[in-house]
Every structure is written in C-alpha cells, then in structure tokens.
S.K.: 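Below: one structure in structure tokens.
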Amino acid sequence: MKKIVTLFCLLVFSISYAQTPENEDTKAINKVLKNARIAWSNNDIEGFMDSYWKSDSLAFYGKKGVTYGWHETLDHYQTYYPTAAYTGKLSFKINAINKVSSDSYYVLGEYHIKRDIGNADGIFMLVFKKISGEWKIIADTSV
C-alpha cells in the first residue's frame, strides 16, 4: 500500500510540474529578449532588430510618435543610438508576460541603459506574435 501511495504522489507531483505550452512560450519570449539585450549591449543594432518582425506593418510607438516598418524602426534606433557610447549596456525588468491568444503575448517591462554619457531608463509594452515558428515583436511602445 505504501508503494502505491508513494507512486501516486510522484505521479501527481510530476503532472503538476509539467511544462505547459504557456511556460514554453514564456521561456522562448524571454530568450528573444535576452538575445536582443545582448546584441544591444554589444552595439549591434541590426542584431537587436532580429527580435522584430521584418515587415512594413511593424509598429514602434515612442516619444516622437508612431513609426511603421522594420527598416524605419532600424533607422530610428541608428539615429538616436549612433555609437556604443549611446547604446551602453541594456538590462530589462520584465513585469508581466500575458497571453493574448494562442500565438500572441504582450510583455510589460522596464529598460535601463547604463552608459557614460548618462543613463537612460523607461518603460515598454511589446506585442509578440509567433510567425513562421519564431516569436517576433510586432508592436513596441517604449518611452
């Protein structure tokens, strides 16, 4: 009887800690964010942009208003962060990752850029969508 109870407890424990699709999605989105953070901190803006949907429909909403398009968003970043002194070292504080539908999530967080010319801090909301098996940012509001 003890063996059956022990086996039952182990089974319940393993089921309760199994990976859910949402946990897998969250891990994959966090990996995209980590790769973006590393690229930014290495002054690799194009590598940072790998996390974004390469489409004219990409939306970036910042202090200067809405920018549409991957290339236009890249131009924005290259204009305002032209050298390593401006990109500095990026870190994120992720406050929430919430499922919107089976293939999309929104992420709420804070960014912190440590740099010699003066630190930059702000908040963001990103919308991620799974496109061709990859998680991509399709909309970014950063201020």
Side-chain angles (χ1 to χ4, degrees), residues 4-143:
I4 293 173
V5 171
T6 302
L7 182 60
F8 179 75
C9 288
L10 287 172
L11 180 62
V12 169
F13 178 78
S14 66
I15 290 171
S16 67
Y17 283 95
Q19 285 282 40
T20 65
E22 290 167 5
N23 287 344
E24 292 172 15
D25 292 345
T26 298
K27 282 185 177 182
I29 289 168
N30 275 316
K31 185 176 180 183
V32 171
L33 291 169
K34 178 182 177 184
N35 290 340
R37 179 185 53 77
I38 291 168
W40 181 277
S41 296
N42 288 327
N43 191 38
D44 178 7
I45 299 295
E46 288 190 32
F48 172 78
M49 288 295 296
D50 284 344
S51 60
Y52 288 82
W53 183 30
K54 201 165 191 176
S55 167
D56 291 338
S57 297
L58 169 68
F60 175 84
Y61 187 41
K63 293 177 183 176
K64 301 283 183 179
V66 181
T67 300
Y68 290 101
W70 187 90
H71 289 286
E72 291 76 7
T73 302
L74 173 63
D75 290 344
H76 165 84
Y77 280 124
Q78 289 176 329
T79 297
Y80 290 99
Y81 302 92
T83 66
Y86 286 86
T87 55
K89 298 298 177 194
L90 175 63
S91 64
F92 294 128
K93 178 182 179 197
I94 304 302
N95 296 317
I97 299 178
N98 294 303
K99 188 173 188 173
V100 177
S101 67
S102 63
D103 65 348
S104 61
Y105 285 75
Y106 70 87
V107 178
L108 301 175
E110 303 167 27
Y111 66 87
H112 307 282
I113 303 174
K114 186 173 183 168
R115 53 192 189 176
D116 292 337
I117 63 169
N119 296 340
D121 302 301
I123 59 172
F124 61 84
M125 183 173 104
L126 306 171
V127 179
F128 275 86
K129 184 171 179 67
K130 197 168 201 177
I131 300 170
S132 301
E134 295 184 289
W135 288 102
K136 296 292 183 179
I137 298 167
I138 64 167
D140 176 348
T141 299
S142 297
V143 291

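Reckoned from all heavy atoms, side chains included, excluding hydrogens, waters and symmetry mates.
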S.K.: Would you give the length of the straight line joining atom CG of Leu33 to atom CD1 of Ile38, rounded to the nearest 0.5 angstrom?
M.R.: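 Taking CG in Leu33 and CD1 in Ile38, the distance rounds to 11.0 Å.
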
S.K.: Less than 4.5 Å apart, side chain to side chain, heavy atoms only: is that true for Ile131 and Ile138?
M.R.: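 Answer yes - side chains close enough.
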
S.K.: Got a second to check how far Ile94's CD1 is from Leu126's CG, nearest 0.5 Å?
M.R.: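 Ile94 CD1 to Leu126 CG: 7.5 Å, rounded to 0.5 Å.
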
S.K.: With sequence neighbours left out, which residue pairs that include part of residues 114-133 fulfil the salt bridge (charged side-chain N to carboxylate O under 4.0 Å, His left out) condition?
M.R.: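 Sorted pair list: Asp103-Lys129.
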
S.K.: Would you give the length of the straight line joining atom CD1 of Ile29 to atom CD of Glu22, rounded to the nearest 0.5 angstrom?
M.R.: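 These two atoms lie 10.5 Å from each other.
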
S.K.: Sequence neighbours left out, what passes salt bridge (charged side-chain N to carboxylate O under 4.0 Å, His left out) with Lys34? Give chain and number order.
M.R.: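 Counting only residues at least two positions away or on another chain, Lys34 forms no salt bridge (charged side-chain N to carboxylate O under 4.0 Å, His left out).
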
S.K.: Pairs in or reaching into residues 112-143: which pass ring pair (Phe, Tyr, Trp, His ring centres under 6.0 Å), with residues at least two apart or in two chains?
M.R.: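 Counting only pairs at least two positions apart or across chains, the ring pair (Phe, Tyr, Trp, His ring centres under 6.0 Å) contacts touching residues 112-143 are Phe92-Phe124, Tyr105-Trp135.
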
S.K.: Per the side-chain hydrogen bond (donor to acceptor under 3.5 Å, both in side chains) rule, what does the pair list look like for residues 88-98, sequence neighbours excluded?
M.R.: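 Passing the test, one end in residues 88-98: Asn95-Glu110, Asn98-Tyr106.
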
S.K.: Should we count OH of Tyr86 as having more than 12 external heavy atoms under 6.0 Å?
M.R.: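 Count not over threshold, so no.
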
S.K.: OG1 of Thr73 to CD1 of Ile45: how many Å apart, nearest 0.5 Å?
M.R.: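 Going from OG1 on Thr73 over to CD1 on Ile45, the span is 12.0 Å.
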
S.K.: Which residues pass the ring pair (Phe, Tyr, Trp, His ring centres under 6.0 Å) test with Tyr80, sequence neighbours left out?
M.R.: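 Scan of Tyr80 (ring pair (Phe, Tyr, Trp, His ring centres under 6.0 Å), adjacent residues dropped) gives His76.
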
S.K.: Only counting residues at least two apart or in another chain, list the ones meeting side chain to side chain donor-acceptor pair (under 3.5 Å) with Ser41.
M.R.: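 Testing Ser41 for side chain to side chain donor-acceptor pair (under 3.5 Å), a comparison that skips the adjacent residues, returns none.
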
S.K.: By side chain to side chain donor-acceptor pair (under 3.5 Å), which residues pair with Asn43, not counting sequence neighbours?
M.R.: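 With neighbours one apart ignored, the set is Thr87.
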
S.K.: Suppose the criterion is salt bridge (charged side-chain N to carboxylate O under 4.0 Å, His left out): which pairs have a residue in residues 49-69, not counting sequence neighbours?
M.R.: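 Every candidate salt bridge (charged side-chain N to carboxylate O under 4.0 Å, His left out) pair involving residues 49-69 fails, so no pair, neighbours aside, qualifies.
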
S.K.: Could you tell me which residues satisfy side chain to side chain donor-acceptor pair (under 3.5 Å) with Thr67, sequence neighbours excluded, listed by chain and number?
M.R.: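 Scan of Thr67 (side chain to side chain donor-acceptor pair (under 3.5 Å), adjacent residues dropped) gives none.
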
S.K.: Go through the structure and list residues passing ring pair (Phe, Tyr, Trp, His ring centres under 6.0 Å) with Tyr52, not counting sequence neighbours.
M.R.: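 Scan of Tyr52 (ring pair (Phe, Tyr, Trp, His ring centres under 6.0 Å), adjacent residues dropped) gives Phe48.
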
S.K.: What salt bridge (charged side-chain N to carboxylate O under 4.0 Å, His left out) pairs are there with at least one residue in residues 35-44, not counting sequence neighbours?
M.R.: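 Non-adjacent pairs meeting salt bridge (charged side-chain N to carboxylate O under 4.0 Å, His left out): zero.
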
S.K.: Which atom pair, heavy atoms only, marks the closest approach of Gly47 to Ala39?
M.R.: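 Distance-wise, the nearest heavy atoms are C-CB, 3.6 Å.
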
S.K.: Show every salt bridge (charged side-chain N to carboxylate O under 4.0 Å, His left out) that has at least one partner inside residues 132-143, sequence neighbours left out.
M.R.: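 Checked against salt bridge (charged side-chain N to carboxylate O under 4.0 Å, His left out) - neighbours excluded - no pair reaches residues 132-143.
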
